[in-house]
Amino acid sequence: MSAPTRNTPSSVHNKTTLQLTILGMNCGACVGRITRALNELDGIHGVEINLAAKSAEITVNDADFDSDTIIAAIAEAGYQASPIALANNE
């Protein structure tokens with residue numbers, strides 16, 4: 001008798017990585033505010049922020065991807081973001 005298999009959301013969807021430039025970010029507290037704002041959104045798999053480069057790399061499920069929502073969350077945290085690149089990861 002074999003064990004039942006289950007599909008989890010992370011194994012069903014491909015991932016998309018959005019790279020953003022973030023203006024107005026100049027300290028560790030800024031990084032923390034942006035990270036918390038993004039982690040509150042549904043479908044976020046990972047947030048990597050580079051303070052020195054003033055950029056962020058956000059990985060999301062394709063099904064949950066909406067760059068306008070991500071940029072709006074950053075704006076609500078008090079920063080201006082604009083896309084650098086978008087990549088689909090499988």
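- Rounding to the nearest 0.5 Å places CG of N14 at 9.0 Å from CG of N61.
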Using atom types as modelled, flag every donor-acceptor pair under 3.5 Å from a side chain in residues 47-57 to any protein atom, sequence neighbours excluded.
| residue | atom | partner | partner atom | Å |
| --- | --- | --- | --- | --- |
| N50 | OD1 | A52 | N | 3.1 |
| N50 | OD1 | A53 | N | 2.9 |
| K54 | NZ | M25 | O | 2.5 |
| E57 | OE1 | Q19 | NE2 | 3.1 |

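- Within the 4.5 Å cutoff, the side chain of I44 has heavy atoms near those of the I58 side chain.
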Output side-chain donor-acceptor pairs under 3.5 Å for residues 75-84, partner residues at least two apart or in another chain, one line each.
| residue | atom | partner | partner atom | Å |
| --- | --- | --- | --- | --- |
| Y79 | OH | R33 | NE | 3.0 |
| Y79 | OH | R33 | NH2 | 3.0 |

Where do V60 and I70 land on the side chain to side chain contact (heavy atoms under 4.5 Å, CB included) test, with the steps shown first?
CA-CA 10 Å; V60 298; I70 292 169; 4.1 Å; yes
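- By the side-chain hydrogen bond (donor to acceptor under 3.5 Å, both in side chains) test, T69 is found to be paired with D66, residues two or more places apart in sequence or in another chain being considered.
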